[in-house]
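The next block holds one structure in the form of structure tokens; read it before the comments.
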2 protein chains.
Amino acid sequence: MSDCETCVVKNRAICSALEPAELAALGKLSRKQIISRGQTLVWEGDESLVVANVIKGVLKLAVSATDGREQIVGVIFPSDFIGRPFGKESPYGVTALTDAEVCVFTRTAFDSFAREHSDLQHKLLQRTLDELDRARHWMMLLGRKTASEKIATLLIEISNRLGNAGCSAIAPFLERFEMPMDRQQMGDVLGLTIETVSRQMTKLKEADIIALPDRRTVVIRDRKRLHNIAFAA
Amino acid sequence: MSDCETCVVKNRAICSALEPAELAALGKLSRKQIISRGQTLVWEGDESLVVANVIKGVLKLAVSATDGREQIVGVIFPSDFIGRPFGKESPYGVTALTDAEVCVFTRTAFDSFAREHSDLQHKLLQRTLDELDRARHWMMLLGRKTASEKIATLLIEISNRLGNAGCSAIAPFLERFEMPMDRQQMGDVLGLTIETVSRQMTKLKEADIIALPDRRTVVIRDRKRLHNIAFAA
DNA sequence: CAGCTTCGTTGATCTAAATCAATGCAGGCA
DNA sequence: TGCCTGCATTGATTTAGATCAACGAAGCTG
């Protein structure tokens, strides 16, 4: 079981819907789990046995074809919820992009708890609706945007999500951050190859829109121009 | 208000979660609305004023860029739910692909009803989770599939959805159906141009995998081969 | 039924991004 | 200190699909 009182995401995760007594009850059903970069928590197509809240780290949701082509269909940050509650198999794999820490429930235990706590279910519905909106806007990116628009959009999105994840109302986004994924994974999110990702990144660097102090860190030097590229404004 | 008792989708729409008395109460909040092909029910970015159940017809959810590029992010069939409950603006436009009939609620009225009826909310959650899975698999298509895989997948998907929509447990899918969209709209679903859609369709026709008796109707003559193309098996 | 208009097909050409192929470069390890 | 090993970058070439441009066929309308 987990100690929910001291949990760093308790105010942002779906748990925030619960009263202290309920929270304690839910906490008894959970256990903390450490996952290291590259490790996969759930395999695509497997029976959906667990759901979880992310406490720390970044994870990917991925779908792959028989021939190995992969598409990352979601990137999961702290306080986000993972898993497919209410039956069925997991329609995508979940694997850690960075070392991570999650708060895991067995799906069946979580399901019955959620059925009895309609505030929790409401929060879950809101989150799922938000995820659906995000997924659908990403469909626009995948279907209709050019490589440079895709890269610019990704950089803005990651900087925003990492900024908010820090919980600070102060920093809505970050001008300097660590990419939680390598070039191949960026390609898998954007529907591009590693070479195209690399070329677009150096193009942005040469235009002085971003700086790349090392392979993982990104500095946004001109957010406005980056935004214009991302949204063809 | 609508007469839910005689509604053709009452067993498949989210309303099926409700007891007769509750159903009657919900019915009082709704009104039937006829929409003709091409008419748009909700504009992208507008405040989310209504939600609805689809009774008849097919509608699209679309996101567009400032320069007119459009991506269809969802295709909605009878018994499906439309709209963004619980606040915010509508993140995509909803417009009819065929003449349609919907059962409309003002969003605020629906929201408060749903908050008091946790079975309804549960059903809505299940549906939203299913939609999210569908959207994410479509992301795989948009990001990683070739034009011929895309077309084959679309034909299978539409034939399945139209088959189930007919409510008949008899026909899981249809071997002959009317495409509820034109070539441009097929392109907008798949992230392709109209010309590429057309060429891929004639390629499938020439390989005797499908027949095209007229511009709207499709006959699947070799589902197995079509499936192999769609899923690179 | 002639003349629009809308939609789909087909062909020629172009180009963005994929693919193929080195090369560079930092960190770990002997 | 020098050699792997795993990424990332860069360059050359190819190609799937876009773009540009007719053309054809079906449905309306006066």
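Lettering follows sequence order; numbering is per chain, from 1.
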Ion pair A/R225/A/D208, N-O distance below 4.0 Å: no
With the side chain defined as heavy atoms from C-beta on, B/T146 is closest, among D/dG17, C/dT10, D/dT9, to D/dG17
So for B/R199 and D/dT19, does any side-chain atom that can act as donor or acceptor lie under 3.5 Å from a complementary atom in the base? yes
At 4.0 Å (heavy atoms only), tell me whether B/R183 reaches a base, stays on the sugar-phosphate, or touches nothing. sugar-phosphate
Counting any heavy atom closer than 4.0 Å, what does B/G191 reach on the DNA or RNA strands: base, sugar-phosphate only, or nothing? sugar-phosphate
Is B/D99 paired with B/K56 through a side-chain N to carboxylate O contact shorter than 4.0 Å? no
For A/R144 and A/M181, find the nucleotide of DNA chain D closest to each by heavy atoms; which residue's nucleotide sits nearer the 5' end? A/M181
Spacing of B/M179 atom CE relative to C/dC7 atom C1', expressed in whole Å: 16 Å
When rounded to whole Å, the CD to P distance for the pair B/E149 and D/dG17 reads 9 Å
Basic-acidic side-chain contact under 4.0 Å: A/E131, A/R134: yes
Whole-Å gap separating P (D/dA8) and CD (A/Q184): 9 Å
Taking OP1 and OP2 of D/dG17, is either one under 4.0 Å from a side-chain nitrogen or oxygen of B/T196? no
Check whether any side-chain nitrogen or oxygen of B/T202 sits under 4.0 Å from OP1 or OP2 of C/dT10, and answer yes or no. yes
Give a yes/no answer on whether the side chain of B/T193 brings an N or O atom under 4.0 Å of OP1 or OP2 in D/dA18. yes
I need the minimum non-hydrogen distance between A/T128 and B/L129, along with the two atoms involved. CG2-CD2, 3.7 Å
For atom CD of A/Q200 and atom P of D/dT9, their distance in whole Å: 12 Å
Find the distance B/E195:CD to C/dA12:C1' and express it as a whole number of Å. 12 Å
Please report, rounded to the nearest Å, how far the C1' atom of C/dA16 is from the CG atom of B/L192. 15 Å
Measure CG/A/L142 against P/C/dA16 and give the value in whole Å, please. 20 Å
Classify the side chain of B/Q185 and the base of C/dC7 as holding, or not holding, a donor-acceptor pair under 3.5 Å. no
A/R221 atom CZ, neighbour heavy-atom count above 12 within 6.0 Å: no
Nearest-Å distance, CZ (A/R216) to P (D/dC7)? 9 Å
